[in-house]
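What follows is one structure encoded as structure tokens, with my remarks underneath.
The shown structure was predicted, so the numbers you read here are calculated from the model rather than taken from an experiment.
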Amino acid sequence: MEATSGWRCRPGGRLDMSHGFVRHIRRNQLARDAYERAVGQARGRARGRLTPGPPGPRRPDQQVYRPRQFGGAGGDSSPGSPPDDTRGPQLFCLEYEGDDGHVTAVIVHQGDSAEEVTQRVCARSPLEPILARALCQRVEDELSKRRGTG
């Protein structure tokens with residue numbers, strides 16, 4: 001059988017890829033492949049971790065508040081100080097940081113005098129006489145502010 005002149009046949013019996021119908025099929029296949037690739041990438045990004053992580057984002061530079069533990073090593077429990085009930089209510093906590101970085105914490109009560117507080121601080125971290133006088137003056141100012149006489 002001879003091929004008629006109206007037929008578009010390629011040698012070897014292949015399809016004519018320049019035909020409009022075949023071009024539409026090929027374009028649909030390429031579009032489907034691109035869509036499936038995009039959906040697969042989106043699904044992969046949304047999947048995330050298989051093991052649950054910590055709730056919320058990590059912030060290593062965020063400071064966390066940790067309340068001080070009074071009555072322990074840094075508390076005001078020196079043997080020479082009178083009991084808390086005779087000195088009145090607590091006014092504030094004085095924290096002194098020495099040159100070595102050691103922090104001395106002393107709780108100041110309503111009935112304390114500036115000299116008593118300075119002596120308690122000096123008992124824990126020795127101060128030069130000039131610094132002790134300056135601390136005494138500062139404590140006196142803070143006490144007068146909180147007692148309402150300043």
Side-chain angles (χ1 to χ4, degrees), residues 10 12-150:
R10 296 276 177 163
R14 295 191 205 163
L15 288 175
D16 183 9
M17 296 300 278
S18 64
H19 190 272
F21 181 71
V22 177
R23 277 191 306 211
H24 286 291
I25 292 174
R26 185 69 185 137
R27 187 176 60 206
N28 287 345
Q29 287 174 339
L30 291 173
R32 185 186 65 226
D33 289 344
Y35 173 76
E36 287 176 353
R37 196 174 315 118
V39 167
Q41 287 176 352
R43 188 177 300 144
R45 281 192 303 259
R47 183 172 300 169
R49 294 172 43 159
L50 295 176
T51 59
R58 292 182 187 173
R59 295 182 186 155
D61 57 341
Q62 183 181 19
Q63 294 183 353
V64 178
Y65 173 73
R66 291 185 181 90
R68 293 189 55 90
Q69 300 291 329
F70 290 112
D76 186 19
S77 59
S78 59
S81 62
D84 291 345
D85 55 357
T86 62
R87 296 187 337 204
Q90 294 180 3
L91 292 178
F92 59 93
C93 178
L94 171 70
E95 292 183 351
Y96 172 77
E97 182 177 356
D99 293 334
D100 58 353
H102 178 72
V103 177
T104 302
V106 175
I107 297 175
V108 181
H109 295 269
Q110 178 99 29
D112 290 344
S113 68
E115 292 80 17
E116 291 174 353
V117 174
T118 305
Q119 287 174 357
R120 285 193 303 225
V121 171
C122 289
R124 293 191 191 155
S125 62
L127 293 177
E128 297 176 12
I130 296 173
L131 290 175
R133 282 193 299 271
L135 177 64
C136 184
Q137 181 61 43
R138 177 64 187 215
V139 170
E140 185 63 44
D141 294 343
E142 290 297 320
L143 284 172
S144 64
K145 272 196 265 182
R146 285 176 171 75
R147 289 177 182 159
T149 59

Tell me whether [X] at atom [atom1] has more than 12 heavy atoms from other residues, nucleotides or ligands lying less than 6.0 Å away.
X    : atom1 : value
L30  : CG    : yes
E128 : CD    : no
D99  : CG    : no

Working to the nearest 0.5 Å, report the span between [atom1] of [X] and [atom2] of [Y].
X    : Y    : atom1 : atom2 : answer
R146 : Q90  : CZ    : CD    : 12.0 Å
Q137 : T118 : CD    : OG1   : 10.0 Å
L91  : K145 : CG    : NZ    : 12.5 Å

#### Entry: Sequence-distant partners of F21, side-chain contact (heavy atoms from CB on, under 4.5 Å), two or more places apart
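Expected list: H19, I25.
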### Task
Could you tell me whether the side chain of L94 reaches within less than 4.5 Å of the side chain of R120, counting heavy atoms only?
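The answer is no; the side chains never approach within 4.5 Å.
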### Query
Less than 4.5 Å apart, any side-chain heavy atom of I130 and any of R133?
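They are in side-chain contact.
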#### Entry: Donor-acceptor pair between Q29 and R26 side chains, under 3.5 angstrom
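There is such a pair (donor and acceptor under 3.5 Å, judged by atom type) between the side chains of Q29 and R26.
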I need the minimum non-hydrogen distance between [X] and [Y], along with the two atoms involved.
X    : Y    : answer
T104 : S125 : OG1-OG, 3.5 Å
D112 : H109 : OD2-N, 2.9 Å
E116 : G111 : OE1-O, 4.3 Å
V139 : A114 : CG1-CA, 3.8 Å
E115 : C136 : OE2-SG, 3.9 Å
S113 : L143 : C-CD1, 4.1 Å

### Message
Check this for me, if you would: do R138 and E142 make a salt bridge, where the nitrogen-to-carboxylate-oxygen distance has to be below 4.0 angstrom?
### Response
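Result for this pair is yes, salt bridge flagged.
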